[in-house]
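Here's the structure we're looking at; comments come further down.
By convention here, the first residue in the shown sequence is residue 1.
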Amino acid sequence: MSKGRVEVGSVSKNFSLGGSKTVDILDNISFSAKANEFLSIVGPSGSGKSTLLKCMSGLLKPTSGTIAINSVDPYSLKPSHLAKMRRSEIGFIFQSYNLVPALPVFENISLPLRLSRKSIDKSVVEEMLRKMNFNAELTSFVDTLSGGEQQKVAIARVLVTHPQIIFADEPTGAVDAESKQIIFNILRKLADEGACVIMVTHDVDLAAMTDKALVLKNGQIRQTLTGSSASEILAEIERK
Ligand code: ADP
Ligand code: MG
């Protein structure tokens, strides 16, 4: 898998507060991520991490600047082509899971494949969930599950599509320590096998285990850290 590249060029994002008032969230950000790379984005709460991930993945158009996903600007595409690109090239693990509450576990996981008219074996999904120490039935409705179990369903739903580029917004926010390590190992393995993985996290221990940690502050990438310890990353986040 050699494809899997995201380029962020001078991206700024501001939100309208009504009238002529706007608030600047991202300020002229540039960086890129490629296949085989596991990148983390850290920063204080409210610093724009989720906004950046949405801009990078074709969910939220930047106010200015450019995004290229495998050399294509997602915001130049017709909605149907953007949807297809998102289905075939991108996996997005949402902070809020974004599962369909009225569907059971298996149907949630197989939904993206059904949209692409592909089939999936129940045993493949079972095996995937077993590896994640999933503790519920495939027939359970997802709104009856704990946050941690819902997160595993959301991750499995991304894994079954084998995306080249994976965006994960706080994928370990709601899980226990053991599940956190399992989820991290899955993302690490995907990157080692050729995917481009971009993870937002507030967990500096996890960030220290990625290839590169980008520290987002005041709308800008304050630092790009490689080989830094958790405490060094934390110091950078807290530095005035
Ligand atoms: P983080 O993920 O780092 O906690 P977010 O990207 O979610 O931060 O949000 C950054 C800032 O942008 C916050 O102050 C948030 O309130 C604001 N924000 C996010 N989305 C919107 C929106 N649609 N309209 C107005 N403000 C927003
Ligand atoms: Mg966020």
Side-chain angles (χ1 to χ4, degrees), residues 1-43 46-100 111-113 115-117 154 157-158 161-171 187 190-191 194-201 212 214-222 224:
M1 212 194 280
S2 60
K3 260 187 141 193
R5 185 170 177 84
V6 189
E7 285 152 284
V8 179
S10 307
V11 161
S12 296
K13 179 70 190 173
N14 50 50
F15 289 113
S16 168
L17 296 176
S20 58
K21 277 197 181 148
T22 60
V23 53
D24 298 332
I25 303 300
L26 304 177
D27 177 16
N28 201 26
I29 288 181
S30 301
F31 67 96
S32 63
K34 59 182 191 298
N36 270 117
E37 210 168 32
F38 190 177
L39 208 133
S40 54
I41 299 172
V42 295
S47 58
K49 302 182 296 295
S50 295
T51 302
L52 177 58
L53 218 55
K54 287 178 194 161
C55 286
M56 291 178 77
S57 59
L59 286 172
L60 184 68
K61 192 178 189 317
T63 308
S64 62
T66 55
I67 300 291
I69 297 173
N70 293 329
S71 306
V72 174
D73 173 1
Y75 302 105
S76 70
L77 299 175
K78 290 197 296 189
S80 60
H81 289 175
L82 175 57
K84 184 160 184 284
M85 175 204 246
R86 292 186 42 78
R87 272 207 306 276
S88 58
E89 293 170 43
I90 295 174
F92 199 113
I93 301 165
F94 289 90
Q95 190 166 9
S96 51
Y97 323 128
N98 267 27
L99 299 171
V100 185
L111 191 61
L113 290 172
L115 292 173
S116 304
R117 300 183 200 293
R157 184 178 57 176
V158 162
T161 64
H162 301 292
Q164 299 161 351
I165 302 167
I166 296 162
F167 297 99
D169 196 352
E170 309 264 10
L187 295 174
L190 289 166
C196 168
V197 181
I198 300 156
M199 170 179 73
V200 164
T201 185
K212 235 186 239 178
L214 308 186
V215 182
L216 186 63
K217 279 186 93 167
N218 301 326
Q220 299 184 320
I221 305 284
R222 175 75 84 81
T224 302

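In this structure, OG on S40 lies 7.0 Å from CG on L214, to the nearest 0.5 angstrom. For the atom pair CZ of F94 and CZ of R157, the computed distance is 7.5 Å after rounding to the nearest 0.5 Å. Atom CE in M85 sits 6.5 Å away from atom CG in N70 (nearest 0.5 Å). Atom CD of Q95 sits about 10.0 Å away from atom CG of L53, to the nearest 0.5 Å. Atom NZ of residue K54 and atom CG of residue D169 lie 7.5 Å apart, to the nearest 0.5 angstrom. In this structure, CD1 in I67 is found 10.0 Å from CD in E7, a value given to the nearest 0.5 Å.
L26 and G48 get closest at one heavy-atom pair: CD2-O, 3.7 Å. What you find for I29 and V8 is that their closest heavy atoms are O-CG1, 3.3 Å. A pairwise comparison of heavy atoms in C196 and G4 identifies CB-O, 3.3 Å as the closest pair. The two atoms that bring V42 and T201 nearest to each other are CG1-O, 3.5 Å, heavy atoms only. Heavy atoms only, all atoms of each residue included: A35 and G194 are closest at CB-O, 3.4 Å.
Between L60 and C55, the closest side-chain pair of non-hydrogen atoms falls below 4.5 Å. Looking only at side-chain heavy atoms (C-beta outward), V6 and F167 come within less than 4.5 Å of each other. Contact check for R87 versus P112: no side-chain heavy atoms found under the 4.5 Å cut-off. Taking 4.5 Å as the limit, every side-chain heavy atom of F92 sits out of range of all side-chain heavy atoms of N98. Between T63 and D24 there is no side-chain heavy-atom pair separated by less than 4.5 Å. Side-chain atoms of S32 and R5, non-hydrogen and from C-beta on, do get closer than 4.5 Å to each other. Contact check for V23 versus N14: no side-chain heavy atoms found under the 4.5 Å cut-off. Taking 4.5 Å as the limit, some side-chain heavy atom of P171 sits within range of a side-chain heavy atom of L187.
In terms of modelled atom types and a separation under 3.5 Å, the side chain of K13 and the main chain of K61 share a donor-acceptor contact. With S12 contributing its side chain and N28 its backbone, the two residues share a donor-acceptor pair below 3.5 Å. Checked by atom type and distance alone, the side chain of S10 never pairs as donor or acceptor with a backbone atom of G65 at under 3.5 Å.
Within 6.0 Å of the CG atom in D73, the count of heavy atoms belonging to other residues, nucleotides or ligands exceeds 12.
Tested against F31, the residues V11, L39, T224 include a single side chain to side chain contact (heavy atoms under 4.5 Å, CB included) partner, L39.
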